[in-house]
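Take a look at the structure below.
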Amino acid sequence: HEERKIILIVSDGDPDLPQATANAIKAASAQGFEVYGIGIDAPYMSRLLPPKHSLQVNSLHELAPAMFDILRNALTRQNKGRAA
């Protein structure tokens with residue numbers, strides 16, 4: 001049994017099926033997963049997830065630091081505010 005379960009979504013654009021994407025995130029959250037997202041040159045993750053659970057980067061070289069930042073913040077935060 002894991003104390004926490006984290007999903008990190010990395011996307012390079014808007015989903016083909018926005019409602020299905022929102023439903024999948026909601027279902028993952030209902031199963032106890034904390035969902036975080038990074039959009040590469042696309043703001044869609046910030047529409048799906050709370051601000052502390054999402055970031056947007058504007059170039060590929062920003063991706064690795066953004067991934068480390070969002071995961072570090074998630075792991076140092078207590079088990080509060082799961083994404084819905």
Side-chain angles (χ1 to χ4, degrees):
H1 175 73
E2 303 86 12
E3 188 174 318
R4 294 172 71 190
K5 301 171 192 167
I6 295 174
I7 294 174
L8 176 61
I9 302 167
V10 179
S11 176
D12 64 350
D14 294 347
D16 292 332
L17 301 169
Q19 190 57 51
T21 303
N23 290 344
I25 290 171
K26 190 173 186 176
S29 295
Q31 293 294 317
F33 288 88
E34 296 173 54
V35 182
Y36 297 85
I38 298 174
I40 303 170
D41 201 24
Y44 198 78
M45 284 295 138
S46 64
R47 289 184 234 146
L48 286 173
L49 300 166
K52 291 186 178 186
H53 286 243
S54 63
L55 291 173
Q56 179 180 337
V57 298
N58 297 311
S59 65
L60 195 54
H61 79 273
E62 296 175 359
L63 181 59
M67 289 174 67
F68 285 113
D69 285 347
I70 203 165
L71 289 173
R72 181 185 63 233
N73 291 338
L75 293 171
T76 57
R77 204 177 0 247
Q78 293 300 319
N79 201 10
K80 298 178 189 174
R82 292 181 186 202

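Below, each value reflects all heavy atoms present in this structure, side chains not excepted, and no hydrogens, waters or symmetry copies.
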Taking side chain as C-beta onward, heavy atoms only, is [X] less than 4.5 Å from [Y]?
X: Ile25; Y: Ile7; answer: no
X: Ile6; Y: Tyr36; answer: yes
X: Arg77; Y: Lys52; answer: yes

Residue from Met67, Met45, Glu62, Gln56 passing side chain to side chain contact (heavy atoms under 4.5 Å, CB included) with Ile38: Met67
Least distance between heavy atoms, [X] atom then [Y] atom:
X: Ser54; Y: Leu49; result: OG-O, 3.8 Å
X: Leu48; Y: Ala22; result: CD2-CB, 3.9 Å
X: Gly13; Y: Tyr44; result: O-CB, 4.4 Å
X: Pro43; Y: Ser46; result: O-OG, 2.6 Å
X: Ile70; Y: Gly37; result: CD1-O, 3.7 Å

Answer with yes or no whether the hydrophobic clustering places Leu8 together with Leu75; edges join I, L, V, M, F, W, Y residues whose side-chain heavy atoms lie under 4.5 Å apart. yes
Report yes or no: do Leu71 and Leu60 belong to one cluster of Ile/Leu/Val/Met/Phe/Trp/Tyr joined by side chain heavy-atom distances under 4.5 Å? yes
Can you confirm whether Asn58 is buried at CG, in the sense that more than 12 heavy atoms of other residues, nucleotides or ligands lie under 6.0 Å from that atom? yes
